[in-house]
Amino acid sequence: MSLQMVDFLNIMFLSFLIVIAIAVSYVRDLLYAAILLGAYSVTMALIWLLMSAPDLAITEAAAGIGMTTLMIAVISKTGREEE
Amino acid sequence: MTDFVLKRIVALLLPFVQMFGMYVIFHGHLSPGGSFSGGIITGLGLIAFSLVFGLDRGTEKITDRMTTLIESFGALWYGAMGLVGVLRGSAFLMNKGSGVPLGEPGKLYSGGLIILITLGVGLKVGSTMVTLFTALMEEEG
């Protein structure tokens with residue numbers, strides 16, 4: 001069985017997703033957590049695109065950007081440290 | 001934030017962002033995207049305006065009452081479009097079966113009532129994003 005370019009991309013993005021999901025549980029700074037949420041949603045949008053679901057990709061990208069913006073706006077009000 | 005470059009860039013970009021959001025909403029049945037993503041893009045343009053120009057000027061342009069009215073209008077519009085099928089003697093939200101002209105396949109008007117329904121949902125999602133932002137950002141008391 002020969003690996004194609006798409007398989008390499010799939011493996012790369014999925015392992016990146018796992019790394020982000022593990023990293024977000026170790027981060028104590030809320031701003032870093034919000035940035036990791038943005039990275040997660042961008043990676044997820046690329047994976048949807050590889051699975052030929054552009055409809056979900058555009059929704060994931062738009063919703064991820066919106067939620068990240070809201071989180072960072074709130075963090076700028078409340079402070080970065082977790083209680 | 002009082003940065004000159006930020007303000008000019010947002011002022012230049014805002015009409016195009018709104019237009020792209022409307023494009024995504026109206027072409028939801030032909031191309032990727034739809035009412036949800038288009039509504040979020042439209043709301044994000046307004047959020048960028050309030051972020052850069054300050055929340056006071058943002059709520060001056062789009063007041064709380066306006067977002068409430070637009071949000072309720074979106075939901076009522078969806079219900080009214082559903083009642084078109086009932087009034088023509090068939091089921092709720094019935095599109096082709098109730099005799100609505102469907103238009104040409106591949107053109108913008110090709111889904112009957114779908115384009116009007118997605119307009120309502122897009123308005124509701126966009127105004128909900130703005131409401132969330134102002135509710136989270138406004139000062140206490």
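Below, chain A is the first sequence line, B the second, and so on; all start at residue 1. These numbers come from the heavy atoms of this one structure, side chains and all, not from hydrogens, waters or symmetry mates.
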Peer 1: Is the count of non-hydrogen atoms from other residues, nucleotides or ligands lying under 6.0 Å from K77(A) atom NZ greater than 12?
Peer 2: yes

Peer 1: Identify which part of F133(B) has an atom lying under 4.5 Å from any heavy atom of chain A, answering side chain, backbone, both or neither.
Peer 2: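 Both parts, backbone and side chain.
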
Peer 1: When rounded to the nearest 0.5 angstrom, what is the spacing between CG in L70(A) and CG in L51(B)?
Peer 2: 9.0 Å

Peer 1: Tell me whether the count of non-hydrogen atoms from other residues, nucleotides or ligands lying under 6.0 Å of CZ in F13(A) goes above 12.
Peer 2: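 Yes.
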
Peer 1: Check this for me: Y23(B), atom OH, are more than 12 non-hydrogen atoms of other residues, nucleotides or ligands nearer than 6.0 Å?
Peer 2: no

Peer 1: Tell me whether Y109(B) at atom OH has more than 12 heavy atoms from other residues, nucleotides or ligands lying less than 6.0 Å away.
Peer 2: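 Buried by this count: over 12 neighbours within 6.0 Å.
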
Peer 1: Roughly how far, to the nearest 0.5 Å, is the CE atom of M71(A) from the CG atom of L136(B)?
Peer 2: 8.5 Å

Peer 1: Tell me whether M19(B) at atom CE has more than 12 heavy atoms from other residues, nucleotides or ligands lying less than 6.0 Å away.
Peer 2: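 Not more than 12 within 6.0 Å, no.
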
Peer 1: What distance do I65(A) atom CD1 and I47(B) atom CD1 have between them, rounded to the nearest 0.5 Å?
Peer 2: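 Between atom CD1 of I65(A) and atom CD1 of I47(B) there are 11.5 Å.
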
Peer 1: Do the side chain of D55(A) and the main chain of P32(B) share a donor and acceptor less than 3.5 angstrom apart?
Peer 2: no

Peer 1: At a heavy-atom distance under 4.5 Å, which candidate from S37(B), G34(B), G38(B), G28(B) has the highest pair count against chain A?
Peer 2: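 It is S37(B).
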
Peer 1: With a 4.5 angstrom heavy-atom cut-off, is it the side chain or the backbone of T69(A) that approaches chain B, or both, or neither?
Peer 2: side chain

Peer 1: Can you confirm whether F49(B) is buried at CZ, in the sense that more than 12 heavy atoms of other residues, nucleotides or ligands lie under 6.0 Å from that atom?
Peer 2: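 Buried by this count: over 12 neighbours within 6.0 Å.
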
